[in-house]
Amino acid sequence: DGGITQSPKYLFRKEGQNVTLSCEQNLNHDAMYWYRQDPGQGLRLIYYSQIVNDFQKGDIAEGYSVSREKKESFPLTVTSAQKNPTAFYLCASSIGFLLYNEQFFGPGTRLTVL
Amino acid sequence: AQTVTQSQPEMSVQEAETVTLSCTYDTSESDYYLFWYKQPPSRQMILVIRQEAYKQQNATENRFSVNFQKAAKSFSLKISDSQLGDAAMYFCALAPGDQGAQKLVFGQGTRLTINP
């Protein structure tokens, strides 16, 4: 079955540690995205990538980093510079990067900083 | 700046009845798309319906339809014959044309409860 997988489902981190969230898709989509969701709020865009080896900052990129070395993979690193990293993180992909393209979402990773 | 506002944090409806979720947005772009996404308890987002700003005809997908009022910058979602499986968070989202592509701006969400 085609889809997007995110791992792990739950992640705990100590303050001061970097942590990497995995996102893999087998939909052969060119574009991939990372969103952050906080309670009572909508999704906010962290980073996006239109094509392999290219990515752009979204609205809340500070304290995060990404890479796009393979078409199917778009890992997100939450660094110690992120002041309030506890949140639900969603990865998405779309076949292209046009206005009407539907974004398909993964099941998410809940990150908790202890 | 692009903004999306959902003024109803929570809504409830009796099973088999009709409910309308409100969404207003602000953009200076003439070309854009609007979306409604559903987030069930599993938390995986699913596209419900989409509308292009240039199309006057309101989009419809089975029991889901929109009322797109471009001048008022309003984009409400109507769910007919509500079913228990419709219970979820619903997010309105805007893809503004000035971004060149799919940089979605989301509203805060409306939690919909279906009463049996």
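Everything quoted here is computed from the prediction, not taken from an experiment. Below, chains carry the letters A, B, ... as their sequence lines are ordered, and counting in each starts from 1.
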Interface residues of residues 107-116 of chain B facing chain A - non-hydrogen atoms under 4.5 Å apart: B/G107, B/Q108

What I'd like to find out is whether the side chain of A/Y35 reaches to under 4.5 Å of the side chain of B/L104, using heavy atoms alone. yes

Count I, L, V, M, F, W, Y as connected when their side-chain heavy atoms are under 4.5 Å apart, and connections chain through other members. Are B/F35 and B/Y90 then in the same cluster? no

Contact part of A/E102 toward chain B, heavy-atom cut-off under 4.5 Å: side chain, backbone, both or neither? both

Looking only at heavy atoms, which two atoms of B/Y37 and A/Q103 are closest? And how far apart? OH-N, 3.2 Å

Mind checking salt bridge (charged side-chain N to carboxylate O under 4.0 Å, His left out) for A/D59 and listing every partner two or more places apart, or none if nothing turns up? none

Other residues, nucleotides and ligands only: do more than 12 of their heavy atoms fall within 6.0 Å of CG on A/L27? yes

Can you tell which part of B/Q39 gets under 4.5 Å to a heavy atom of chain A, answering side chain, backbone, both or neither? side chain

Pairs of donor and acceptor atoms involving the side chains of residues 84-91 of chain A, under 3.5 Å and at least two apart or interchain, shall be tabulated with distances.
{"unit_1": "A/T86", "atom_1": "OG1", "unit_2": "A/V113", "atom_2": "N", "d": "3.0"}
{"unit_1": "A/Y89", "atom_1": "OH", "unit_2": "A/Y64", "atom_2": "OH", "d": "2.9"}
{"unit_1": "A/Y89", "atom_1": "OH", "unit_2": "A/P85", "atom_2": "O", "d": "2.8"}

By residue number, those in residues 46-81 of chain B with heavy atoms under 4.5 Å from heavy atoms of chain A are B/L47, B/R50

Side chain, backbone, both or neither: which part of A/L45 has a heavy atom under 4.5 Å from chain B? side chain

Determine, using the 4.5 Å side-chain heavy-atom cutoff (strictly less than), whether A/I46 and B/F91 are members of one ILVMFWY cluster. no

Please tell me whether A/I60 and A/F74 are part of a single hydrophobic cluster in this structure, the criterion being side-chain heavy atoms less than 4.5 Å apart. yes

Flag the pair B/K103 / A/Q56 as yes when at least one side-chain heavy-atom distance between them is below 4.5 Å, and no otherwise. no

Same apolar cluster: A/L76 and A/F104, side chain cutoff 4.5 Å: no

So if you build clusters from Ile, Leu, Val, Met, Phe, Trp, Tyr with side-chain heavy-atom gaps below 4.5 Å, do A/I4 and A/W34 land together? no

